[in-house]
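Please read the structure below before turning to the comments.
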There are 2 protein chains.
Amino acid sequence: MAKNTFETIYETLKQRILAGTYSIKMRLPIEDDLITEFDSSRYAVRKAIKQLADEGLVYSVKGRGVVLLEHTPQTQQFNLNLGQLSGIKAMNADRQLDYRTDVVSFKQVIVDADLSEQTAFEIGIPVYAIQRVRLFNGQHAVIDINYFNAQLVPGITAEIARKSIYHYIQNDLNIKIAVVKRMLRVDSANKIDREHLELGENNCVGNMISIAFNDAGRQFEYTESHFIPNEFVFTQLIRN
Amino acid sequence: MAKNTFETIYETLKQRILAGTYSIKMRLPIEDDLITEFDSSRYAVRKAIKQLADEGLVYSVKGRGVVLLEHTPQTQQFNLNLGQLSGIKAMNADRQLDYRTDVVSFKQVIVDADLSEQTAFEIGIPVYAIQRVRLFNGQHAVIDINYFNAQLVPGITAEIARKSIYHYIQNDLNIKIAVVKRMLRVDSANKIDREHLELGENNCVGNMISIAFNDAGRQFEYTESHFIPNEFVFTQLIRN
DNA sequence: GAGTGGTCTAGACCACGGT
DNA sequence: CCGTGGTCTAGACCACTCC
């Protein structure tokens with residue numbers, strides 16, 4: 001860790017904040033002191049503070065200083081899964097979970113008007129249409145409905161889908177996943193959901209829609225992940 | 001608008017991107033060209049590009065340049081309600097909606113162990129406990145369950161709750177809302193939800209939990225907003 | 001008025017991508 | 001190898017907070 005000056009400062013400050021070193025005064029040392037302590041430039045110090053602010057640990061007030069945000073065990077968890085990448089597999093890697101994937105459907109189709117409307121893919125291009133059920137601790141908790149642009153992401157097989165498409169994309173195809181845009185909704189459960197998910201009494205699902213772009217700016221994926229209620233949490237940080 | 005050099009550059013570039021000026025080559029001009037064009041420093045140019053990247057419009061690749069992300073009408077909507085502040089009132093100010101608030105319950109209580117566990121407020125402090133139903137176009141769509149630290153946010157009345165607590169906090173009390181941490185879940189509907197929301201056939205709700213901090217770093221609010229399915233969307237951007 | 005973070009300039013060098 | 005963005009330094013001045 002800590003390859004850059006900036007990272008060293010960031011890691012050190014974060015440790016101290018979490019250890020409560022600064023907690024009494026509820027303030028970080030002023031920039032000049034940090035510059036002196038770490039023998040670095042203002043740039044590195046400010047960048048480290050910026051990252052701490054992005055994580056919701058501190059807040060800068062012009063003319064006053066850098067304030068620490070109260071962090072209780074409850075609010076602590078916010079600082080964890082803020083912006084994760086990869087599939088749900090990695091998304092839950094921190095929790096120790098028994099995990100399995102069933103490929104329910106695997107097709108290659110041409111995008112028509114309706115599908116284009118839904119996925120934002122151009123009409124006429126070939127896509128892989130894949131449906132996979134994710135089991136956590138034996139529970140049918142998530143169904144992933146994927147559409148991958150077959151020109152940008154060629155050669156997907158059912159076998160790859162059973163393991164990890166993202167692993168295949170990144171390691172075998174060497175595609176860089178640059179940006180993922182996400183939408184979160186609560187939808188009434190549809191036929192597919194009722195068929196494949198253990199909804200119990202519930203008749204709704206969470207729906208996480210992901211649109212992924214490679215580092216050439218091209219959208220290569222549209223995915224809907226329908227998940228059962230009461231099991232998943234998403235976090236977001238808003239700063240003024 | 002555009003008070004700073006940085007803002008001028010940012011606004012100009014954003015306009016051009018949305019107008020499609022750069023779309024053919026799928027690239028932004030290189031930094032040096034932008035420095036020349038806007039007669040500014042590299043700092044301002046890079047800051048503008050950073051903001052465009054934060055919005056999901058572009059993506060920087062070291063050694064190659066700044067790539068434009070495909071933006072179709074569908075993915076465009078992602079760029080809207082990314083990080084909004086204020087209550088739901090402002091959250092939906094862009095849509096033209098008939099809007100009303102009913103105060104269902106208004107109490108002042110002392111935080112006990114259970115409530116402390118839930119809200120992360122200290123045991124023993126007084127809080128306002130408020131329940132409000134939000135009607136959009138006459139539909140009972142949202143119930144807000146608020147807890148405000150009565151020491152940090154004194155003097156809330158039912159009348160204020162009916163109008164806008166955030167307006168009162170910011171304009172009358174002059175409190176600066178620095179940071180809001182949010183969690184999103186899908187919960188099975190409870191008694192209060194079934195009583196106050198127009199769930200129709202659905203028996204689940206979305207649950208947006210907000211924890212707000214003032215610019216002294218103190219948590220002054222814990223709120224759960226339970227909302228009906230199929231009506232609300234949340235967005236998130238993840239960058240590598 | 002003193003102290004603090006926010007903005008900005010003008011450089012330097014490094015790391016990576018493509019040729 | 002060259003061109004590009006990423007990191008970093010050493011300053012200057014401004015805007016805001018607090019006494």
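Reminder, nothing fancy here: chain letters follow the sequence lines and each chain counts from 1.
Atom-to-atom, CD1 of B/Ile49 to C1' of D/dG6 comes out at 12 Å; the value is rounded to the nearest Å. Note: NZ (B/Lys176) to C1' (C/dG5) measures 12 Å, nearest angstrom. Atom CG in A/Asp32 sits roughly 16 Å away from atom P in C/dA2 (whole-Å rounding). In this structure, the CG atom of B/Leu34 is 14 Å from the P atom of C/dT9, given to the nearest Å. A straight line from CZ of A/Phe38 to C1' of D/dC8 spans 16 Å, rounded to a whole angstrom. The OH-P distance, from A/Tyr59 to D/dT17, rounds to 10 Å in whole Å. Going from atom NZ of A/Lys50 over to atom C1' of C/dT7 covers 14 Å, rounded to whole Å. In this structure, B/Ile30 atom CD1 and D/dC2 atom C1' are separated by 12 Å, rounded to whole Å.
A close approach under 4.0 Å does occur between a side-chain nitrogen or oxygen of A/Arg46 and OP1 or OP2 of C/dG6.
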Using atom names, set out every protein N or O paired with an N or O of nucleotides 10-15 of chain C below 3.5 Å, distance rounded to 0.1 Å.
| from | atom 1 | to | atom 2 | distance (Å) |
| --- | --- | --- | --- | --- |
| C/dA12 | N6 | B/Arg42 | NH1 | 3.1 |

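Atom CD of A/Gln219 is separated from atom OH of A/Tyr147 by 13.0 Å, given to the nearest 0.5 angstrom. With rounding to the nearest 0.5 angstrom, the CD1 atom of B/Ile209 is 8.5 Å from the CG atom of B/Leu184. For the atom pair CZ (B/Arg182) and CD1 (A/Ile238), the distance works out to 3.5 Å, reported to the nearest 0.5 Å.
B/Val127 places none of its side-chain heavy atoms less than 4.5 Å from the side chain of B/Tyr222.
Remark: B/Arg162 engages B/Glu159 in a salt bridge, criterion side-chain N to carboxylate O under 4.0 Å.
Closest contact between the side chain of A/Arg64 and the listed nucleotides C/dT7, D/dT17, D/dC8 involves D/dT17. Side-chain proximity of B/Ser60 to the nucleotides C/dG18, D/dC18, D/dG6 is greatest for D/dG6.
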#### Entry: Verdict with supporting geometry, B/Tyr22 and B/Leu13, side-chain contact (heavy atoms from CB on, under 4.5 Å)
CA-CA 9 Å; B/Tyr22 301 129; B/Leu13 290 181; 3.6 Å; yes

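Using cut-offs of 30° and 60° on the angle between ring planes, the pair A/Phe227 and A/Phe232 is perpendicular.
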